[in-house]
There are 2 protein chains.
Amino acid sequence: MKRKLTLKDIARELEVSISTVSKALKNSEEIGRDTTEKVQAFAKLYNYRPNNIALSLKNKRTKNIGVVIPDIVHYFFTTVFRGIEKYSNLKGYNVIVCVSDEAFDKEVINTELLANGSIDGFIMSLSAETQSKMDFHHLLEITEQGIPLVLFDRVDDHVTCDKVILNDKEIAYQAVKKFLGNRRKNIALITTESYFNVSVKRAEGYEEALIEAGIPVRRELRLTLPYRDVNENEMRQFFSAAKVDAVLCVNEIFAVQCMAVVQKMGMKIPDDIEFIGFTDGMLSKYSNPTLTTVAQHGERMGEIAAEMLIERIETEIGEEKPFRTEIIEGTIVERGSTVN
Amino acid sequence: MKRKLTLKDIARELEVSISTVSKALKNSEEIGRDTTEKVQAFAKLYNYRPNNIALSLKNKRTKNIGVVIPDIVHYFFTTVFRGIEKYSNLKGYNVIVCVSDEAFDKEVINTELLANGSIDGFIMSLSAETQSKMDFHHLLEITEQGIPLVLFDRVDDHVTCDKVILNDKEIAYQAVKKFLGNRRKNIALITTESYFNVSVKRAEGYEEALIEAGIPVRRELRLTLPYRDVNENEMRQFFSAAKVDAVLCVNEIFAVQCMAVVQKMGMKIPDDIEFIGFTDGMLSKYSNPTLTTVAQHGERMGEIAAEMLIERIETEIGEEKPFRTEIIEGTIVERGSTVN
DNA sequence: TATCAACACGAAACCGTTTTCGTAACCTTT
DNA sequence: AAAGGTTACGAAAACGGTTTCGTGTTGATA
């Protein structure tokens, strides 16, 4: 087991000072040709690599980005993460991921831990509990310390920072317009039980489209489901009670599960009933029928978030730019669950 | 923007020395009661938190774990990651994730970067390219430096380190036995084009079960597909050419795609043809029919990997324990694609 | 009253870098 | 030969902690 080589080791071996070694390795003009060559040859031979931690301490920048997301086993977050990782890596940054597991406390603990020097900036999406509690003190602490923060998807107006979001309301509006164009009248909305800004926005778009078309928004056409462990019976009851000919779901799991239920009940998709979901993940592509869905362009979202963050990190303090909110346009990917 | 408080700040403010502050904060007996209380009160009031980087430099341990995986938008890796993250977090470690994107170079660059002090140990799964190149010099470098390494799932015998793997051969064997028990004779294997140790093991189990049953292993019953962007035509041809009544797929995507194809061709699942896949992800649960699949218990795998790694990290050097290979037993989850 | 331990604290080294500044030694110039 | 300018390098501070060791003050003991 060979221990890591340090500048000190090289200095001792070559009988020069540490500073000389350091300068020689960076081709400083201060150092003579012979010495420089000697040092570089030695360093190369023994594969010297500077210690990242020491560099971080000295430079006060870690080249690490902290990513805090509610869940990792989740297609959308996964794709966003991929975008973040790709862009960050390109720019020489590493990514530390913490999963809040939709819990406020974990989110707080994780951010506070990372904020103590481990990272140069944060990219986050709020946990369900944080959104419902409306407690953002941990984020305030971060920004007050001057640590750059970018929020994506699950954001909140109470937090002032850069943001990347989907045009949720608008794209939900368009989805419903699509149903309306297909002469659907009884359009249901299936959304999450817990409070998510995105669900709210999507509901707004849904309602706006209906109202615009002169169709009343009916309470019995809205089903709220728990985020996990959905009970099929609830769906069955819902579809038995109300006559529904189109369904907008705020995620793809709800959609796929509902499609299975209504098919068991004897309805034909998309003839009797149409479906549009959100996410455009694996399930949408391989479900039966395939699901028409709103692509959220997670990877691009991640890239942009990373780009915004790194720009903040690398911009000199003093030239404060105003915070931006970047809006990604969703795309409706037409598949078998709608008539196109 | 309030700058981070340091020991020096507190020392200056309270007119004591830095060392006194440091000791007082750790309740050292060396320090008098009054001073200790004064310091702690001040630290609490101004929310002092030690700088992680400084601690890392001093302690020569970062409390970071490096995770290098081929892909993150991939159910199995995602679940393993969740296990790693959970356990690590519990033990006070953070996780730095790098995605090799199945590319050798990215894997090498990422590991070398992290190895320079950023992390205390690695958990990795080899990229496709690394497995086919059989070049493990970067892993050797890591272990030679005394950095603990745990490999999971995509492992190789040429690398000596702790490992966590599935009983791939055995569970594939059992899957085929299940087909045989259902009187299936024409059992196909659908596997990956590129070389993966796991695919090979699964193929071995497949063959062993057939041979044991006195059924010849037929070349035309094996289909190899590219890891991404599978062409449906290839599947269609395969199923037209050979009479197949059961299919073992090394992942769930292949299985779900094949099920769609054979259904389009008019076959009934599971009556005419049965399917078993690997992974037990979202697709298996929500496909039509639902897919009988080998649960790989990724989360548990991740937890165990993290446990092994952290034990190595925290064990004193000197008391070298031999390397272990932990074998996770897969479970066949019976669903609609087999007759049970 | 001289001695000595206990107490409470500070100085300084250390982790591995970078960077500023100081300075010998040599070279050039007049 | 004195003055000034290069050249090539080393010492030391700094980043923010921890820890070892030294030391002045106090109180107890002989």
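A note on names: the letters A, B, ... follow the listed sequences, proteins ahead of strands, and every chain is numbered from 1.
A salt bridge links K321(A) with E311(A): the closest approach of a Lys/Arg side-chain nitrogen to an acidic carboxylate oxygen falls below 4.0 angstrom. The pair E13(A)-K8(A) does not count as a salt bridge, with every side-chain nitrogen at least 4.0 angstrom from each carboxylate oxygen. A salt bridge links K86(A) with E299(A); the closest basic N to acidic carboxylate O contact falls under 4.0 Å. Under the 4.0 Å criterion applied to side-chain N and carboxylate O atoms, K4(B) and D9(B) are not assigned as salt-bridge partners. Under the 4.0 Å criterion applied to side-chain N and carboxylate O atoms, R312(A) and D162(A) are assigned as salt-bridge partners. Electrostatic pairing of E303(A) and R82(A) does not count as a salt bridge here, judged by no charged N lying under 4.0 Å from a carboxylate O.
When heavy atoms are screened at a 4.0 angstrom cut-off, T35(B) is found touching the sugar-phosphate backbone but no base atom.
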Given N197(B) and Q131(B), is the side chain to side chain donor-acceptor pair (under 3.5 Å) satisfied, shown in steps?
CA-CA 8 Å; N197(B) 62 314; Q131(B) 290 218 319; 3.0 Å; yes
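The distance between atom CG of N27(A) and atom P of dC9(D), rounded to the nearest whole Å, is 14 Å.
A side-chain donor-acceptor contact under 3.5 Å links Q40(A) and N27(A).
Taking the six-membered ring for Trp, Y46(A) and F42(A) have ring centres closer than 6.0 Å.
Of all the residues in residues 114-122 of chain A, not one reaches under 4.0 Å from DNA chain D with any non-hydrogen atom.
Annotation for I53(B) and L57(A): closest pair CG2-N, 3.6 Å, computed over non-hydrogen atoms.
The outermost nucleotides of DNA chain C lying under 4.0 Å from heavy atoms of chain A, listed 5' to 3', are dC15(C) to dC21(C).
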Nucleic acid footprint by protein, nucleotides 15-22 of chain D - heavy-atom cut-off 4.0 Å, B for base, S for sugar-phosphate alone
BBBBBBB-
